[in-house]
Amino acid sequence: MPRYNPKEVEPKWRAAWAEAGVFRAENGSAKPKYYVMEMFPYPSGRLHVGHARNYAMGDVVARFKRARGFNVLHPMGWDAFGLPAENAAAERGIDPAKWTYENIAAMRGELQRLGVSIDWSREFATCDPEYYGQQQAWFLRLWKKGLVYRKDGLVNWDPVDMTVLANEQVIDGRGWRSDAPVERRKLTQWFLRITDYADELLESLATLDRWPDKVRLMQENWIGRSKGLRMTFPFAGEGVAGEPGVTVYTTRPDTLFGASFVALSPEHPLTEAMARGNPALAAFVEQCRKGGTSEAAIETAEKLGFDTGLRVAHPFRAGWTLPLWVANFILMDYGTGAIFGCPAHDQRDLDFARKYGLPVTPVVLPAGADPATFAVDDEAYVEAGRIFNSEFMDGMEVEAAKVAAIDRIEAMDLGEGATVYRLRDWGIARQRGWGCPIPVVHCEKCGAVAVPHDQLPVRLPEGMDFSRPGNALDRHPTWKHTTCPDCGGSATRETDTLDTFVDSSWYFARYANPGAAEPIDKDAADYWLPVDQYIGGIEHAVLHLLYARFVTKALRDEGMLAIDEPFAGLFTQGMVTHETYRRQNGEWVQPDEVEIATEGTTRRARLSASGEVVTIGDIEKMSKSKRNVVAPADLADSYGVDAARITVLSDSPPERDVQWTSAGVDGAWRLVGRIWSEFDAEPVIEPPDAARETEFRRATHRAIKAVTDAIEGWRFNSAIARLHEFVGVVRRFPEGGPARREALSALARLAAPFAPHLAEECWERLGEEGLVAATPWPVYDPALAEDDERVLPVQVNGKRRGEIRVRAGASESEVEKIVLDDPEIARRLEGLSIRRVIVVKDRIVNIVAA
RNA sequence: GCGGACGUGGCGGAACCGGUAGACGCAGCGGACUUAAAAUCCGCUUCCCUAUGGGAGUGUGGGUUCGAUCCCCACCGUCCGCACCA
């Protein structure tokens with residue numbers, strides 16, 4: 001009996017699939033559509049097992065849905081702009097486009113080798129001019145509409161990558177890619193008005209019922225809507241020329257009578273105005289700016305303040321004035337960049353007030369506290385209670401008092417109820433050469449002018465110089481010099497390019513018809529969208545998934561899409577992690593270059609080649625930069641693609657992170673061999689035995705049900721466990737006959753989403769027509785999948801004391817009689833009197849006795 | 001600090017609605033086949049004890065229930081997100 005030889009079998013079936021075109025999605029088919037996609041990869045050059053796991057998952061779903069009769073769209077593309085290509089260009093002096101397309105070719109080959117059932121006819125890369133030209137087209141439409149704008153402002157500057165970052169790309173004060181501390185810089189920037197959609201982005205999260213709660217919650221927190229009061233404290237006495245007062249935002253207008261100061265952000269325009277004539281204040285502002293961004297400075301969080309000497313008037317009591325401070329803890333980015341401080345009911349204000357000796361007046365009384373003696377010491381009281389010390393609000397609950405305060409301020413014309421968001425507009429310009437050019441020309445006379453539609457795409461030039469840091473597009477000798485589309489005079493092109501998150505914010509719509517002359521083929525998109533199942537990493541919970549939702553809504557309002565949300569279902573798969581290894585000189589080292597020795601409880605790592613000791617670092621997500629990658633190709637070389645696919649899917653539930661170990665591959669390889677040997681075996685000729693046939697058929701139908709349910713519930717690891725069991729069953733019934741044929745037919749089809757090549761080979765050996773990939777999923781007979789006899793455990797006082805056999809569906813009284821007649825149970829009940837017998841149909845019996 | 005998730009054998013994990021805890025795999029042990037090994041196949045494998053039986057057991061301590069890995073409360077631990085957000 002020859003062993004299964006994946007090296008011969010696998011390429012044969014991939015060729016057969018390609019020839020038959022079984023994975024081609026048909027626009028407008030009469031079948032129900034199903035759109036499943038994984039987040040497209042950055043073409044780093046090589047697939048690692050994390051990719052393999054991700055795409056294998058999507059492929060299981062795609063193959064399963066296809067077998068269930070759906071017209072499946074399972075596309076693939078490349079998120080191809082970005083810094084690694086520039087870095088490669090800088091290091092090796094090669095063209096980033098060449099580097100990128102070579103990587104794409106290599107990774108496409110690896111993905112194809114994995115046997116993922118992708119419609120390759122729809123493939124594109126975001127660096128294809130045909131793609132980014134269409135992106136430029138819709139970008140200009142949004143500009144025309146006012147959703148794109150330019151603004152001078154403080155931006156997050158990554159000093160290592162030498163580019164601007166969006167707020168979403170700053171993690172703990174550091175660049176999301178470079179990990180370098182982010183600086184604040186003043187720059188003219190391009191923005192997308194995502195805040196126009198803040199409410200809808202928040203509200204429609206509720207419609208995403210097939211998204212993980214965690215992701216919805218993270219987006220909710222990121223948008224950070226809060227309701228409160230925006231109001232102005234007029235200057236009392238001397239003020240700032242031309243300014244009526246200080247406008248603050250608060251969510252606690254109920255505590256206005258507890259106010260003891262008003263404070264401005266160091267970056268507030270009023271602060272800047274005052275600092276011009278006040279060197280001490282200017283020095284304070286400078287001091288705040290210095291410490292402001294570093295992680296350590298935020299952690300220690302010492303409250304610093306500067307008393308401007310000015311005073312503002314409290315709105316509710318004539319003659320009551322509050323001092324105006326500048327304080328380092330007030331963010332210019334949030335609310336109005338100014339607050340009123342109520343130390344008794346806000347911890348931060350309390351810390352500040354204690355430090356600078358400002359009054360602390362409680363105005364919210366906890367239930368049961370004595371208004372005469374209640375005081376706040378070092379801990380602000382932030383819970384519910386009744387308002388006191390507050391004139392017209394006295395006796396109200398907090399929520400009622402908020403309404404009353406807002407009403408009063410509105411009546412006085414000093415402010416109004418307001419909603420404020422944490423979400424900021426999306427800064428989309430990057431000072432990089434390898435990105436989608438912003439299709440705008442700057443003319444001295446006409447200003448910023450859109451490039452006319454018939455001149456799109458604005459293509460990147462060849463021969464950019466990446467050998468120095470900074471924007472290679474900007475310093476290209478000729479590219480930016482052009483003429484103004486309006487007046488024909490000399491003009492320069494915009495040399496900023498778009499954030500790569502723009503590229504990935506609409507690609508799912510382009511797959512519907514990637515050759516369309518418009519950005520989005522409306523008919524095709526109406527047919528395919530929304531994506532039924534999107535699969536990707538949790539790290540994109542806010543960034544990519546928020547941007548894609550926003551762009552979808554913006555394009556919908558342009559009439560380019562008919563959907564409100566791009567992704568009806570989202571699955572966030574776990575990451576594949578691995579230890580990291582680092583040489584003494586700081587270079588990262590790949591796991592396959594390292595040997596690990598265990599001495600007692602300590603583990604030491606050395607380079608296999610030289611014996612040099614390397615440091616064992618943290619367990620992290622596999623990434624090219626840390627070099628802690630394991631290539632699926634190595635697994636596939638030794639065990640075949642199917643075993644590799646089973647390995648990455650079998651050990652852990654899909655949503656969980658897994659620390660990579662090659663241990664599982666032996667089990668996967670055995671499964672492949674065991675399945676094959678059943679198809680390869682000569683059937684044993686035995687006289688028919690009706691009881692055995694029935695038993696076998698029951699097991700087959702149970703297996704079909706179990707595997708089907710597991711796939712539908714995204715329990716791929718359990719589905720594979722059920723396959724293991726089913727092969728064991730098939731093995732115990734070697735006699736040839738209809739039941740065996742039924743079992744083998746089912747086995748091949750159940751295995752197909754996981755081990756598609758093996759399944760085809762088995763299908764052929766069975767003598768079936770056509771490809772498994774184009775064959776309907778097996779259907780189980782419920783009557784066979786359910787046993788007609790049940791083994792019920794019998795408990796006495798909750799402890800298992802025996803079991804009985806009854807027919808399925810036996811009534812309570814029937815079961816009770818059988819239990820009480822059972823001699824073994826009777827022995828257990830000796831000397832006890834039965835209080836109660838609980839029978840759960842087809843499940844369990846519990847006798848309560850004392 | 002705020003919000004969330006998770007905690008089950010030597011290991012990865014299973015248990016879908018509150019109903020036999022540990023499916024399936026890995027590793028380990030024993031056996032078959034073999035001159036031998038590999039491969040393959042079969043069996044055992046939560047822990048403890050005075051062992052054809054009994055007891056304990058799903059991070060810890062309580063609670064609800066006939067019955068809790070599952071629900072509730074408190075605590076411990078791990079991980080993730082946000083964080084001077086007014």
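Order of the sequence lines sets the chain letters (A, B, ...), proteins ahead of strands, with each chain counted from 1. No experiment lies behind these values; they were computed from the predicted model shown.
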Sugar-phosphate only, base, or nothing, as touched by [X] at under 4.0 Å among non-hydrogen atoms:
{"X": "A/Arg835", "value": "nothing"}
{"X": "A/Ser650", "value": "nothing"}
{"X": "A/Arg801", "value": "sugar-phosphate"}
{"X": "A/Glu725", "value": "sugar-phosphate"}
{"X": "A/Arg843", "value": "sugar-phosphate"}
{"X": "A/Leu217", "value": "sugar-phosphate"}
{"X": "A/Leu723", "value": "nothing"}

Would you say [X] places a side-chain N or O within less than 4.0 Å of OP1 or OP2 belonging to [N]?
{"X": "A/Ser652", "N": "B/G13", "result": "yes"}
{"X": "A/Arg348", "N": "B/C85", "result": "yes"}
{"X": "A/Lys799", "N": "B/A56", "result": "yes"}
{"X": "A/Tyr334", "N": "B/A86", "result": "yes"}
{"X": "A/Arg715", "N": "B/G13", "result": "no"}
{"X": "A/Arg422", "N": "B/G81", "result": "no"}
{"X": "A/Arg731", "N": "B/C42", "result": "yes"}

Handout entry: A/Lys303 charged N/C atom sitting above A/Phe352 aromatic ring, 6.0 Å / 45°
Key = no
